[in-house]
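Written below as structure tokens is the structure these notes are about.
What you are looking at is a predicted structure, and each value in this text was computed from that prediction instead of being measured.
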Amino acid sequence: MNVSIRFKLLIYMTVNIVLFAVLLYGSNTFFAEKYYINHKKNTLIESSQKISELIAEKRRESDFHDENLIYEINTLEKSIGGTIFIGTLDGTVYYPLSTGHSPPQRPGFITDLPNLDNEPGPPPRPDFRLPKTPKRNIQGWEPYDETSFFFITKDPNFKIETLRYQAQLDNGFVLLVWVPMTGISENASISNNFTTIIGLITIVITGIWALFISEKFTRPIMEMNKITKKMSNLDFSQTLEIGHKDEIGQLSQSINHLSYSLDKAISQLNSKNRQLEQDIDRERNLDKMRREFVSNVSHELRTPIFLIQGYAEGLKANVAKSEEKRNFYCDVIMEETDKMEGLLKDLLDLSQIESGMFPINKIDFNISSLIKDIVSKYEPILTDKNIHISIEIKEELTAHADPVRIEQIIVNFINNAIDHVDKNKVIKLTVESIGKKIRVSVYNSGSTIPDESLNKVWTSFYKIDKARTRDLGGTGLGLSVVRAIQEAHSNNFGVINRENGVDFWVEIDIKETDITDTQKEFSA
């Protein structure tokens with residue numbers, strides 16, 4: 001059985017208001033009277049405290065003839081709608097005063113405590129004692145503290161049930177304050193009847209309102225259903241005209257956007273087919289690049305393998321008779337092995353970085369200390385080659401990058417500078433901050449790079465002077481590794497032709513606190 005959303009919404013809203021009305025009726029039936037009684041108890045306690053303050057200094061009957069005092073007690077008595085008695089346990093009544101025109105009312109504390117049923121017994125004691133157990137004509141017995149208590153009993157004059165509060169005051173007087181219970185029960189009954197009427201009216205009004213709301217709520221949904229059915233048949237000619245700003249309005253806008261996107265996608269399908277041929281050509285170019293890459297690797301490995309094989313066969317055939325010549329053969333084999341190892345290491349690093357398999361672990365580190373450590377490792381090589389290297393660090397800066405990869409970049413730059421330095425044998429490292437970046441540059445004196453080769457030097461196996469490749473000892477991968485590392489860091493890199501030399505540079509992220517300090521100094 002299919003039930004519409006409109007009907008479900010109507011049922012849900014109606015059931016909710018019915019449950020709320022039942023809960024309100026039940027709460028009023030079972031708890032309203034108790035709430036009223038507790039409220040009256042608090043009123044009696046507050047009234048007793050006010051009377052206690054008014055008569056705190058009174059010690060005898062004549063003290064109660066003060067007109068202001070009588071007025072205050074009368075006002076308080078009328079405000080609570082009850083009756084107040086003040087006296088002592090021996091039967092003396094100080095309030096209300098006897099006027100002689102009517103017999104005095106019987107204060108409940110005279111006969112009700114301690115002999116509440118007028119049973120024979122010892123006379124009341126002057127010290128106040130709460131009874132251990134309530135008498136037969138007392139209902140709702142509830143001690144409040146050591147000198148006061150609540151109870152419900154019938155008024156001897158009017159034969160109605162009353163809620164009473166009796167307390168022994170510090171000055172020896174006994175105070176009895178009571179209010180009729182009929183008002184409490186009547187209030188609870190009126191409240192319950194009123195709640196019933198309001199609940200029924202609310203159910204009727206809510207049902208009508210729910211019917212209206214459900215129809216208004218489901219109308220746009222039905223319209224959406226009609227439009228989406230047309231969309232399933234590839235008919236995108238109609239759009240939803242729902243001006244709401246709520247979730248339904250947003251959904252209608254999303255459906256309109258979906259319809260527009262699908263229509264646009266289908267219209268562009270033919271143009272995508274035309275691009276397919278271009279993609280095929282691009283794939284062919286990539287395949288060609290892969291073949292060239294394999295060819296370059298094979299070429300780089302062919303020479304060292306040939307040399308290693310030749311000198312190894314010479315050693316095996318005992319061609320080298322002298323110890324000096326055998327050592328030379330072994331040195332050549334070891335040198336070519338090191339070149340092969342370097343080539344394979346560069347290939348592995350380049351492959352891992354470009355494929356994202358080698359994560360970049362960025363930390364904060366002192367870039368100046370790192371450069372100084374790297375240069376100190378090269379001192380024996382530089383001294384042996386009689387190359388002069390200088391370091392210019394304009395300020396102490398903290399970089400935020402992968403220190404292992406940054407060291408690899410600087411090492412490749414230094415190796416490249418050593419391989420291409422001219423007879424002046426000058427290499428210079430510079431560290432400076434440029435905006436939010438640290439720029440590290442390595443300069444070497446020597447021939448400049450042709451303009452057409454400035455962007456190609458970062459390509460794998462690209463060599464400007466192929467004839468001198470073996471003499472320089474490079475594999476053509478060092479700068480490609482630099483490019484891959486910088487792209488992984490999302491930072492710039494480049495090469496600049498200087499006067500009588502070449503300057504390779506990279507940018508490194510600077511630590512955030514250093515950026516703030518630099519900006520403050522610039523502002524100052």
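- Taking Y443 as the reference, nothing meets the ring-ring contact (aromatic ring centres under 6.0 Å, His included) condition, with sequence neighbours excluded.
- Rounding to the nearest 0.5 Å gives a distance of 9.5 Å between CD1 of I393 and OG1 of T430.
- Using a 4.0 Å cut-off between a side-chain N of Lys or Arg and a carboxylate O of Asp or Glu, K436 and E507 do not qualify as a salt bridge.
- N366 is linked by a side chain to side chain contact (heavy atoms under 4.5 Å, CB included) to S368, S369, E396, counting only residues two or more places apart in sequence or in another chain.
- Shown here for A417 and N444, the closest heavy-atom pair between the two residues is CB-CB, 3.6 Å.
- No donor-acceptor distance shorter than 3.5 angstrom exists from the side chain of N416 to the backbone of N412, with no hydrogens or angles considered.
- R405 CZ to I360 CD1: the interatomic distance, rounded to the nearest 0.5 Å, is 6.0 Å.
- The CD1 atom of I438 sits 10.0 Å away from the CG atom of N491 when rounded to the nearest 0.5 Å.
- Under the side chain to side chain contact (heavy atoms under 4.5 Å, CB included) criterion, E46 pairs with no residue at all, not counting sequence neighbours.
- Checking side-chain atoms of N424 against main-chain N and O of V426 turns up no donor-acceptor pair under 3.5 Å.
- For N455, the CG atom counts as loosely surrounded, since its 6.0 Å shell holds 12 or fewer non-hydrogen atoms of other residues, nucleotides or ligands.
- For residues 361-372, the set of pairs meeting the salt bridge (charged side-chain N to carboxylate O under 4.0 Å, His left out) definition, not counting sequence neighbours, comprises K362-D509.
- Under a 3.5 Å cut-off, the side chain of T43 and the backbone N or O of H39 do form a donor-acceptor pair.
- What you find for K425 and N386 is that their closest heavy atoms are CD-O, 3.0 Å.
- Checked options I381, I414, I418; the residue passing with I387 is I418 (criterion: side chain to side chain contact (heavy atoms under 4.5 Å, CB included)).
- Looking only at distances, no side-chain donor or acceptor of T383 sits under 3.5 Å from a matching main-chain atom of P380.
- With sequence neighbours excluded, the residues satisfying ring-ring contact (aromatic ring centres under 6.0 Å, His included) with F493 are W458.
- Under a cutoff of 6.0 Å and an axis angle of 45°, K41 and F150 form a cation-pi pair.
- Residues forming a side chain to side chain contact (heavy atoms under 4.5 Å, CB included) with L454 (at least two apart in sequence, or on another chain): I449, D451, V495, N497.
- The minimum heavy-atom distance linking E432 with L397 is given by the pair C-CD1, 4.0 Å.
- With hydrogens and angles ignored, the 3.5 Å screen pairs no side-chain donor or acceptor of S148 with any backbone N or O of Y144.
- Between I510 and K437, the closest heavy-atom pair is CG2-N, 4.4 Å.
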- prompt: Under the salt bridge (Lys or Arg N to Asp or Glu O under 4.0 Å) criterion, do R483 and E487 qualify, and how do the steps go?
  reply: CA-CA 6 Å; R483 171 184 54 79; E487 289 176 350; 3.7 Å; yes

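- D402 and F365 get closest at one heavy-atom pair: C-CE2, 4.4 Å.
- No side-chain heavy atom of D422 sits less than 4.5 Å from a side-chain heavy atom of S447.
- Although no hydrogens or angles enter the test, the distance criterion places no donor-acceptor pair under 3.5 Å between the side chain of S445 and the main chain of V421.
- Between T448 and V502, the closest heavy-atom pair is CA-CG2, 3.8 Å.
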